[in-house]
Amino acid sequence: MKTISENACFGGVQGVYAHVSETCACDMTFGLFMPEAAKSGPVPVLWYLSGLTCTHENAMVKAGAQAWAAQAGIAVVFPDTSPRGEGVANDDAYDLGQGAGFYVDATEAPWAPHFNMWSYISDELPALVGEMGCDLERQAITGHSMGGHGALTLAMAHPGRFRSVSAFAPIANPTQSDWGKKQLNAYLGADEASWQRHDATVQMAKGGLDVPLLVDTGTADQFVDLLKPEALAATIALRRQSAVFRMQPGYDHSYFFVASFMADHVEFHAEALIG
């Protein structure tokens with residue numbers, strides 16, 4: 001593993017690291033904030049999955065998670081959103097290819113050799129951050145937009161792994177949205193049965209979650225018709241899932257929205273991780 005940078009941050013360290021990923025068959029980069037409490041031993045970890053077009057850096061710089069995580073004594077992992085580099089497939093559109101991995105394991109050409117973000121986030125990267133001082137017995141997960149979709153679906157597919165789940169403006173029903181149909185068809189093929197495990201609304205209906213859930217979406221979100229929050233909200237109600245689902249008046253899809261409610265989300269996860 002290569003250290004790209006390490007900076008003092010709220011008493012802890014904000015690092016950026018690169019490593020050769022066997023899962024994605026290329027170099028991958030991620031950010032990791034370690035609070036001062038990590039000097040005394042392993043600390044709980046919050047995963048932050050970013051949205052379309054983002055790298056590890058967007059949330060690391062704009063979301064404001066470190067201040068609140070430092071107070072709680074929680075590490076925060078900021079993975080990249082896709083494989084990158086020479087020889088990695090790409091597309092001219094912003095919502096497919098590099099920067100748009102959609103947190104699935106691709107089975108279709110030309111994506112299958114590298115686009116294995118589901119396995120990367122589920123298996124390879126956790127093993128690595130566990131060696132860096134993160135306590136994998138105390139994990140929580142959140143994400144924004146495409147990353148909210150990833151956080152919800154990964155949590156429902158791995159019961160018992162995460163103690164809490166949250167999402168900022170998640171793509172909530174991708175099998176019924178143009179933010180989903182395009183990517184799932186490209187990465188997984190035309191058989192829509194293979195898409196189901198990657199739809200939070202579908203998975204909520206099938207099994208839901210047995211841990212606390214918090215979802216925030218802005219009422220002025222310019223992409224709300226693509227996100228379909230109403231589908232997830234209705235399914236939460238039908239399942240009588242324990243959840244806090246909030247539509248925040250006047251907020252859009254930007255990192256100004258994410259930063260405005262980051263303290264709420266970190267506090268929510270700290271309660272589950274630490275008590």
Side-chain angles (χ1 to χ4, degrees), residues 33 35 37 42-51 59 63-79 103 121-122 126 129 134-173 197-218 227-248 251 257-275:
F33 171 73
V43 291
V45 57
L46 173 61
W47 293 83
Y48 183 101
L49 306 185
S50 291
Q66 294 92 336
W68 311 109
Q71 290 184 22
I74 295 172
V76 186
V77 185
F78 303 96
Y103 303 103
I121 299 297
S122 296
V129 300
C134 294
D135 181 358
L136 300 185
E137 295 299 315
R138 293 183 290 168
Q139 297 187 72
I141 192 166
T142 188
H144 174 227
S145 192
M146 178 184 73
H149 139 80
L152 291 167
T153 55
L154 281 158
M156 284 188 271
H158 295 92
R161 175 174 297 194
F162 302 104
R163 295 192 182 184
S164 52
V165 186
S166 74
F168 299 86
I171 301 174
N173 194 193
R197 72 186 297 216
H198 300 292
D199 187 308
T201 297
V202 171
Q203 294 306 310
M204 180 62 68
K206 287 185 175 181
L209 288 161
D210 58 359
V211 296
L213 171 63
L214 170 63
V215 179
D216 279 315
T217 302
L227 303 175
K228 297 190 176 297
E230 67 283 354
L232 181 59
T235 306
I236 286 171
L238 285 171
R239 273 198 58 81
R240 298 176 181 171
Q241 168 77 44
S242 177
V244 177
F245 189 99
R246 307 187 299 194
M247 296 298 298
Q248 299 290 1
Y251 284 89
F257 156 66
V258 173
S260 295
F261 297 100
M262 181 56 71
D264 287 0
H265 284 245
V266 174
E267 182 179 2
F268 168 79
H269 291 297
E271 177 66 25
L273 291 168
I274 301 168

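What you see is a predicted model, and the numbers here were worked out from it, not measured in a lab. Keep in mind that the numbers below use all heavy atoms, side chains included, and drop hydrogens, waters and symmetry copies.
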| Is there a side-chain contact (heavy atoms from CB on, under 4.5 Å) between I236 and M204 once you walk through the steps? | CA-CA 7 Å; I236 286 171; M204 180 62 68; 4.1 Å; yes

Determine whether [X] and [Y] make a side-chain contact, defined as any pair of heavy atoms from C-beta on separated by less than 4.5 Å.
X: V45; Y: D135; value: no
X: P229; Y: V215; value: no
X: R197; Y: M156; value: no

[atom2] on [Y] to [atom1] on [X], rounded to 0.5 Å:
X: Y103; Y: I121; atom1: OH; atom2: CD1; answer: 6.0 Å
X: R239; Y: L209; atom1: CZ; atom2: CG; answer: 9.0 Å
X: M146; Y: L227; atom1: CE; atom2: CG; answer: 12.5 Å
X: L213; Y: F245; atom1: CG; atom2: CZ; answer: 9.0 Å
X: I141; Y: H158; atom1: CD1; atom2: NE2; answer: 9.5 Å
X: L152; Y: H198; atom1: CG; atom2: NE2; answer: 13.5 Å

Under 3.5 Å, which donor-acceptor pairs link side chains of residues 260-270 to any protein atom two or more places apart or in another chain?
from : atom 1 : to   : atom 2 : distance (Å)
S260 : OG     : F256 : O      : 2.6
D264 : OD2    : R246 : NH2    : 3.1
H265 : ND1    : S166 : OG     : 2.9
H265 : NE2    : D216 : OD2    : 2.8
H269 : ND1    : S164 : OG     : 2.6
H269 : NE2    : S166 : OG     : 2.8

| Step-by-step side-chain contact (heavy atoms from CB on, under 4.5 Å) determination, L46 to W68 | CA-CA 12 Å; L46 173 61; W68 311 109; over 6 Å; no

| query | Taking all non-hydrogen atoms of both residues, which atom of V43 and which atom of A75 are closest, and how far apart? | reply | CG2-CB, 3.8 Å

| request: Give the ring-plane orientation class for F168 versus Y48, where under 30° counts as parallel, over 60° as perpendicular and anything between as tilted. | output: tilted

| N173 and L232: CA distance, side-chain angles, deciding distance, side-chain contact (heavy atoms from CB on, under 4.5 Å) verdict | CA-CA 7 Å; N173 194 193; L232 181 59; over 6 Å; no

| What residue among Q139, R138, R163 forms side chain to side chain contact (heavy atoms under 4.5 Å, CB included) with P44? | R138

| message | Pair Q66, V76 - check side-chain contact (heavy atoms from CB on, under 4.5 Å), show working. | response | CA-CA 8 Å; Q66 294 92 336; V76 186; over 6 Å; no

